[in-house]
Asker: 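Supplied in structure tokens, the structure appears directly below.
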Amino acid sequence: MLLFGRLADLAGWREREIPAASLAALRGILAAEDPALFEALQAPAVRTAVDQTLVNLDVALRPDSEVAFLPPMSGG
Amino acid sequence: MLLFGRLADLAGWREREIPAASLAALRGILAAEDPALFEALQAPAVRTAVDQTLVNLDVALRPDSEVAFLPPMSGG
Amino acid sequence: MIRLVQAPFDPGEALGEFCRDRTETGAVASFTGLARAESGRTDILELEAYPGFTEREIARHEAAARERFGLQDTLILHRTGPISPGEAIVFVAAAASHRRAAFEACDFLMDYLKSRAPFWKKETGPDGARWIEPTERDQDDLARWETQ
Amino acid sequence: MIRLVQAPFDPGEALGEFCRDRTETGAVASFTGLARAESGRTDILELEAYPGFTEREIARHEAAARERFGLQDTLILHRTGPISPGEAIVFVAAAASHRRAAFEACDFLMDYLKSRAPFWKKETGPDGARWIEPTERDQDDLARWETQ
């Protein structure tokens, strides 16, 4: 699981291995472990990518899936 | 007197000394000498500059005045 | 083409290379975004990307721009990591046969990069660090392309 | 600044110099016009200026652009004399704190250069020579700035 931008600052880490069978299960684990991070991930502006593809709904995860939480983006 | 662009091609010269007391007098000399050039200079799209300043009406000329006839411009 | 670059780059060199040997192009528009010192309020800018994902998302928008504006070619260079004031953050170039298409494509790509491309930007100055998010103006700029 | 140049120039070098040591700029837009071969129909382009007058007229429009768009700086390089396909004819750059102003200023200056700046342009190809005058599209492009 990957965190970017202010989400990584909030959590205090950028990358971790977390065993979970689905996105919903992963969110459940985070809710128990770090409620502030869980809350931040629920914001509508935060996008979720699974294996580098944006997803809008819950999806199943494989053991090697890469989940990334993306706060509002700004380049340039 | 200076000619630019297609006016110079039409006249076969780009620069000449022509004694004339005013723009109108200069045009008169050209009308007698080269009617095709005179005609071309009358086109509304041709601008006239005296001493590098655009003029719209007849003006008096000094012996060292520089008169330029400018056909439609296009750079870039 | 999109390239993420970690070291400072010269936008002039990028433009020079992009223009080279183009005998049928006519028009090349470019945009260079430079890091501002903001009178001492910003010491360092830090740009984070999601390698792989970031390039792929940008390439998708590059392809959309080429199609929409009938471009011959595009180039995007984007810095990641720490950036000092005066350094180039982003360089965008578009080649077309007419200047209007080249200008609009650069404008379109920059609006996208500012508000939608997968980058995260942190400014650090004497008052501490803050994450930059798209401004209302950035959102308005982007919306222009949706209503056309 | 406006400079008429007789030898081929590298637009990349011009942009590199223009961007150098700008710690408060943010945005640099540029435009490069390249001579087209038009699939063999054009061998050579010849640009004539009225030295002194041409620079002064362009400087007046540069000043107008700086004022209108709140620019920090502008640079215009324009070739004169014979130009081969692929060579840069014109380079325009505008520096501003926001990208919209920089883009619009380049666009504005190019529209002016195409239709009103004191240059005369002759194309020579296998079918002979012809003088280029502003197209209807160039006139329409220019008119956009008058109605705003």
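Each chain gets a letter, A, B and so on, in the order the sequences are listed, and its residues count up from 1.
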Asker: With a 4.5 angstrom heavy-atom cut-off, which part of Asp21(D) approaches chain C: side chain, backbone, both or neither?
Answerer: neither
Asker: Say whether, by atom type as modelled, one donor and one acceptor occur between the side chain of Gln72(C) and the main chain of Glu24(C) under 3.5 angstrom.
Answerer: yes
Asker: With chain D as the partner, which of Cys19(C), Ala88(C), Ala37(C), Gly16(C) has the greatest number of non-hydrogen pairs under 4.5 Å?
Answerer: Ala37(C)
Asker: So which bits of residues 28-36 of chain D come within less than 4.5 Å of chain C, counting non-hydrogen atoms only?
Answerer: Val28(D), Ala29(D), Ser30(D), Phe31(D), Thr32(D), Gly33(D), Leu34(D), Ala35(D), Arg36(D)
Asker: Any salt bridge between Arg100(D) and Asp141(C), counting N to O under 4.0 Å?
Answerer: yes
Asker: Do the side chains of Glu46(C) and Lys121(C) get close enough for a salt bridge, i.e. N-O under 4.0 angstrom?
Answerer: no
Asker: Distance-only, no hydrogens or angles: does the Glu55(D) side chain make a donor-acceptor pair with backbone N or O of Gly52(D) under 3.5 Å?
Answerer: yes
Asker: Among the options Glu13(D), Glu87(D), Arg22(D), Arg137(D), pick out the one with the most heavy-atom pairs lying under 4.5 Å from chain C.
Answerer: Arg137(D)
Asker: Test your reading of the model: is there a side-chain donor-acceptor pair from Thr54(C) to the backbone of Pro118(C), 3.5 Å cut-off?
Answerer: yes
Asker: Would you say Arg41(D) has more than 12 foreign heavy atoms packed within less than 6.0 Å of its CZ?
Answerer: no
Asker: Between the side chains of Arg66(C) and Asp73(C), is the shortest nitrogen-to-carboxylate-oxygen separation below 4.0 Å, so that they form an ion pair?
Answerer: yes
Asker: Select all residues of residues 89-99 of chain D having any heavy atom within less than 4.5 Å of some heavy atom of chain C, and report them by number, or 'none'.
Answerer: Phe91(D), Ser97(D), His98(D), Arg99(D)
Asker: Take atom CZ of Arg56(C) as the centre, draw a 6.0 Å sphere, and report whether it contains more than 12 heavy atoms from other residues, nucleotides or ligands.
Answerer: yes
Asker: Strictly distance-based, threshold 3.5 Å: is any side-chain N or O of Glu104(D) a donor or acceptor partner for the main-chain N or O of Phe69(D)?
Answerer: no
Asker: Is Gln6(C) atom CD crowded by more than 12 heavy atoms from other residues, nucleotides or ligands, each under 6.0 Å away?
Answerer: no
Asker: Using a strict 4.0 Å threshold on nitrogen-to-oxygen distance, state whether Glu17(C) and Arg20(C) make a salt bridge.
Answerer: no
Asker: For the interface with chain D, which of Ala14(C), Ser84(C), Cys106(C) has the highest count of heavy-atom pairs at distances below 4.5 Å?
Answerer: Cys106(C)
